[in-house]
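So the structure is just underneath, and the comments pick up after that.
For clarity, every value in this text was computed on a predicted model and none was experimentally measured.
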Amino acid sequence: MKTAQIDTYSTINWKTIRNQFPVLQQEVNGKPLVYLDNGASSQMPQPVIDRLNAYHSNEHANVHRGIHSLSQKATDAYEATREKVKDFINAGSLEEVIFTTGTTDSINLVAHSYGRTYLKEGDEIIVSQMEHHANIVPWQMIAEQTGAVLKVIPMDENGNLMMDAFHAILSEKTAIVAIIHVSNALGTINPVEEIIEAAHAKNAVVLIDGAQSVPHTKVDVQALDADFYTFSAHKMCGPTGFGILYGKKELLNKIPPYRGGGDMIDKVTFEKTTYNDLPHKFEAGTPPIAAGIGLGAAIDFLNEIGMDNIAHREAELLEYATKKLSAIEGLRIVGQANQKASVISFLLDGIHPTDAGTIMDKEGIAVRTGHHCAQPVMDYYNIPGTLRASISFYNNEDDIDRLAEAIIYTKEFFV
Ligand code: C6P
C-alpha cells in the first residue's frame, strides 16, 4: 500500500499499542499467544471493549424509536459512528453510509437490490479469479435470476490480476464490475483505480470489496470514484455483526430497499408503503447497536495511530516475515504479487495445511488454514488450501520469529 511521508512514525510506541489488546496477553496451550489470523477477525483494543461495556452498562436502549432520554443517548452514540465512518473513508455525505451486518451483507444488498432492478439478459458482471465467495455467490444468484452472465478476470502465477485480459473482457455489455481491493487469500493489492476508470468509460457500475483494505490503509472512496464500497467492523479492531456499505447517493436513491420492516419506512398502509430517506431506507429492524457504537471507538483508535502509520508498520512486518519465511526450506509462498498487503499464504512440502495448522496451534500460533472462502484461488493453484499468516500493526518481529520457529518445529514433527 502507498504510504505518505510519515512525520509521526518514529514517535509511535508500538509496544504500548500492543499492550492495549488484552486478548494478546494470554497463553494458549501453555505458550504465549501469537495471533496471526487478523484477516479472519482482528482483535479489539481496551478502548473499544470499554466503550461496549459503557453502552451495555449505561446506555442500552433501542435507536431511532424512543423520545425518552436513554433511547436518544443510544441513537446519538450510534449515529456518531456514521459521521466517523463518513470521515474515515471520505464519503460525500452521511446518506452514503449504510449500516449493514458486514461485507457479505453489503454485497448482497447491492447484488439483490441493484442487480435485480437493473440487470437484464445478456448483461455481463465481471469479477476476478481471486474473489472471496461473498463477491461471487450473490452475483451468481442474480445472474441466474436475470439471465446476466458472469465473466472472470484471470490472474497470473504470482497472483497479479491480468489487466490486459480485464480490458479485453470489458465491453458495452458490462453492467457491473465487482472486485476485491486486497485479496484475503493472497494479499494482492489490486489496481482498483485503473479498474474503476476503465469500467466507468463503459458506463459500468463498480463495487469494491474492501474487507481487507480498509483495516490496513487509508481509503478515499471519492478519490477512487467507487460506486459501492464494502467492509466489516470486525476486521478493523471493531466488534462482529456490523459492516458498511458506501454507495453514491444517486445510485442508492435509484435502487429499492433490500429488506422490509421497521425503521426503513415512511408510511405503511395495506395498499402501499413508502420508504424512509437515505440511509435508513436500507436499514430495516433493530440494528446491532452496540457493535455500531464499538466501530466508532475502533475508528477513533485507528485514527489516533494514523492509517498511514498502520500501513507503514504492516509493510515493515510483511517484509520481515517474507524474508524469514522464504529462508525456510520446503516452504512455498503462494501469492507473490507486485503489490502486497500483510498477508502470507504458504505451503509446507508434503504436509497438509490443516495438519500443519494443528501442530502450530499447539505452539500457541494462530494462523488460518484452508481455502479462506476463495476456492477458485485454490483451484487455480490446484491445491486444497494454504496456511495463512495475516499480520496486523499490533504484531511484532517476535511474533514472526515465533511463527518461523513453529514452522520449523512442524516440519520436524512430520519427518
Ligand atoms: N474473510 C478471512 O479469513 P464478513 O464475513 O461478511 O465480515 O466478510 C466476508 C469477506 C468478504 N470479502 C473479503 C475480501 C474477506 O476477506 C471476507 C472475510 C475472512 O479471510 C473470513 S472468510
Side-chain angles (χ1 to χ4, degrees), residues 61-68 71-72 74-86 89 91-120 123 125 134 138-139 141-143 145-146 148 175-176 178 204-210 221-222 226-233 241-293 295-296:
N62 212 324
V63 291
H64 307 139
R65 283 158 173 81
I67 56 139
H68 62 81
S71 172
Q72 285 184 7
T75 303
D76 289 349
Y78 184 67
E79 285 301 323
T81 292
R82 208 182 301 274
E83 191 85 44
K84 289 175 191 185
V85 171
K86 172 186 153 290
I89 59 168
S93 71
L94 294 173
E95 294 153 297
E96 296 185 324
V97 178
I98 310 297
F99 289 160
T100 67
T101 61
T103 305
T104 304
D105 192 32
S106 301
I107 297 172
N108 272 278
L109 191 163
V110 177
H112 288 267
S113 192
Y114 185 90
R116 239 187 278 159
T117 310
Y118 289 106
L119 287 178
K120 52 186 189 322
D123 281 349
I125 305 165
W139 299 113
M141 291 161 73
I142 295 307
Q145 290 169 20
T146 60
I176 292 174
V205 162
V206 185
L207 176 142
I208 303 293
D209 171 355
V221 289
Q222 290 192 79
D227 298 306
F228 297 108
Y229 200 100
T230 62
F231 53 102
S232 301
F242 202 78
I244 301 296
L245 168 65
Y246 160 81
K248 283 183 182 161
K249 191 173 158 185
E250 63 271 22
L251 285 169
L252 292 172
N253 270 326
K254 262 177 55 176
I255 60 179
Y258 172 41
R259 289 180 293 124
D263 228 22
M264 52 73 73
I265 55 90
D266 167 38
K267 173 106 183 91
V268 178
T269 66
F270 287 112
E271 288 68 42
K272 185 174 169 58
T273 291
T274 53
Y275 305 125
N276 205 338
D277 294 330
L278 291 175
H280 305 292
K281 169 177 136 181
F282 293 104
E283 297 175 1
T286 298
I289 301 164
I293 293 171
L295 173 61

- How many angstroms lie between atom OG1 of Thr230 and atom CG of Asp209, to the nearest 0.5 angstrom? 4.5 Å

- Message: Which heavy atom of Ile289 sits nearest to which heavy atom of Ala61, and what is that distance?
- Response: CD1-O, 3.4 Å

- Which atom pair, heavy atoms only, marks the closest approach of Ala91 to Val97? CB-CG2, 4.0 Å

- Message: Within the 4.5 Å heavy-atom criterion, are Phe282 and Leu252 side-chain neighbours or not?
- Response: yes

- Task: For side-chain contact (heavy atoms from CB on, under 4.5 Å), just list the numbers for Val85 and Phe231, CA-CA rounded to whole Å, side-chain angles, deciding distance to a tenth of an Å, and then say yes or no.
- Result: CA-CA 11 Å; Val85 171; Phe231 53 102; 4.1 Å; yes

- Just how far is it from atom CG of Leu245 to atom OH of Tyr229, taken to the nearest 0.5 Å? 12.5 Å

- Item | Where Arg82 and Glu283 come nearest, the two heavy atoms and their spacing | NH1-OE2, 2.8 Å

- With sequence neighbours left out, what residues match Lys86 under salt bridge (Lys or Arg N to Asp or Glu O under 4.0 Å)? none

What pairs of donor and acceptor atoms, side-chain ones from residues 98-112 against any protein atom, are under 3.5 angstrom apart with sequence neighbours left out?
{"from": "Thr100", "atom 1": "OG1", "to": "Gly102", "atom 2": "N", "distance (Å)": "3.2"}
{"from": "Thr100", "atom 1": "OG1", "to": "Gly102", "atom 2": "O", "distance (Å)": "3.2"}
{"from": "Thr100", "atom 1": "OG1", "to": "Ser106", "atom 2": "OG", "distance (Å)": "2.8"}
{"from": "Thr100", "atom 1": "OG1", "to": "Gly243", "atom 2": "O", "distance (Å)": "3.3"}
{"from": "Thr101", "atom 1": "OG1", "to": "Asp105", "atom 2": "OD2", "distance (Å)": "3.2"}
{"from": "Thr103", "atom 1": "OG1", "to": "Ser232", "atom 2": "N", "distance (Å)": "3.2"}
{"from": "Thr103", "atom 1": "OG1", "to": "Ser232", "atom 2": "OG", "distance (Å)": "2.5"}
{"from": "Asp105", "atom 1": "OD2", "to": "Thr101", "atom 2": "N", "distance (Å)": "3.0"}
{"from": "Ser106", "atom 1": "OG", "to": "Gly102", "atom 2": "O", "distance (Å)": "3.0"}
{"from": "Ser106", "atom 1": "OG", "to": "Ile244", "atom 2": "O", "distance (Å)": "2.9"}
{"from": "Asn108", "atom 1": "OD1", "to": "His112", "atom 2": "NE2", "distance (Å)": "3.4"}
{"from": "Asn108", "atom 1": "ND2", "to": "Thr104", "atom 2": "O", "distance (Å)": "2.8"}
{"from": "His112", "atom 1": "ND1", "to": "Arg116", "atom 2": "NH2", "distance (Å)": "2.7"}

- Message: Looking at every non-hydrogen atom in both residues, tell me the closest pair between Gly261 and Ala284 and how far apart they are.
- Response: N-CB, 3.9 Å

Residues 270-280 side chain polar contacts: donor-acceptor under 3.5 Å, at least two apart:
{"from": "Thr274", "atom 1": "OG1", "to": "Asp266", "atom 2": "OD2", "distance (Å)": "3.0"}
{"from": "Thr274", "atom 1": "OG1", "to": "Lys267", "atom 2": "N", "distance (Å)": "3.2"}
{"from": "Asn276", "atom 1": "ND2", "to": "Asp263", "atom 2": "O", "distance (Å)": "2.9"}

- Message: Nearest 0.5 Å, please: how far is CZ in Phe228 from CD1 in Ile176?
- Response: 8.0 Å

- Item | Partners meeting side chain to side chain donor-acceptor pair (under 3.5 Å) with Glu95 (sequence neighbours left out) | Ser93, Lys249

- Supply the atom-to-atom distance Thr286 OG1 to His64 NE2, rounded to the nearest 0.5 angstrom. 10.5 Å

- Query: Which atoms form the tightest heavy-atom contact between Met264 and Pro257, and what is the distance?
  - Reply: CE-CB, 3.4 Å

- Note on the structure: Minimal heavy-atom distance between Ala291 and Phe242, with the atoms involved, is CB-CB, 3.8 Å

- Message: If the condition is side chain to side chain donor-acceptor pair (under 3.5 Å), which residues does Tyr78 pass it with, not counting sequence neighbours?
- Response: none

- Message: For Ile67, is there any backbone N or O sitting under 3.5 Å from a side-chain donor or acceptor partner on Ser71?
- Response: no

- Query: Should Tyr114 and Leu207 count as side-chain neighbours, where that means a heavy-atom distance under 4.5 Å?
  - Reply: no

- Message: Are the side chains of Ile255 and Tyr118 in contact, using a 4.5 Å heavy-atom criterion?
- Response: yes

- Task: Apply side-chain contact (heavy atoms from CB on, under 4.5 Å) to Thr146 and list each qualifying residue two or more places apart in sequence or on a separate chain.
- Result: Leu119, Ile142, Ala148

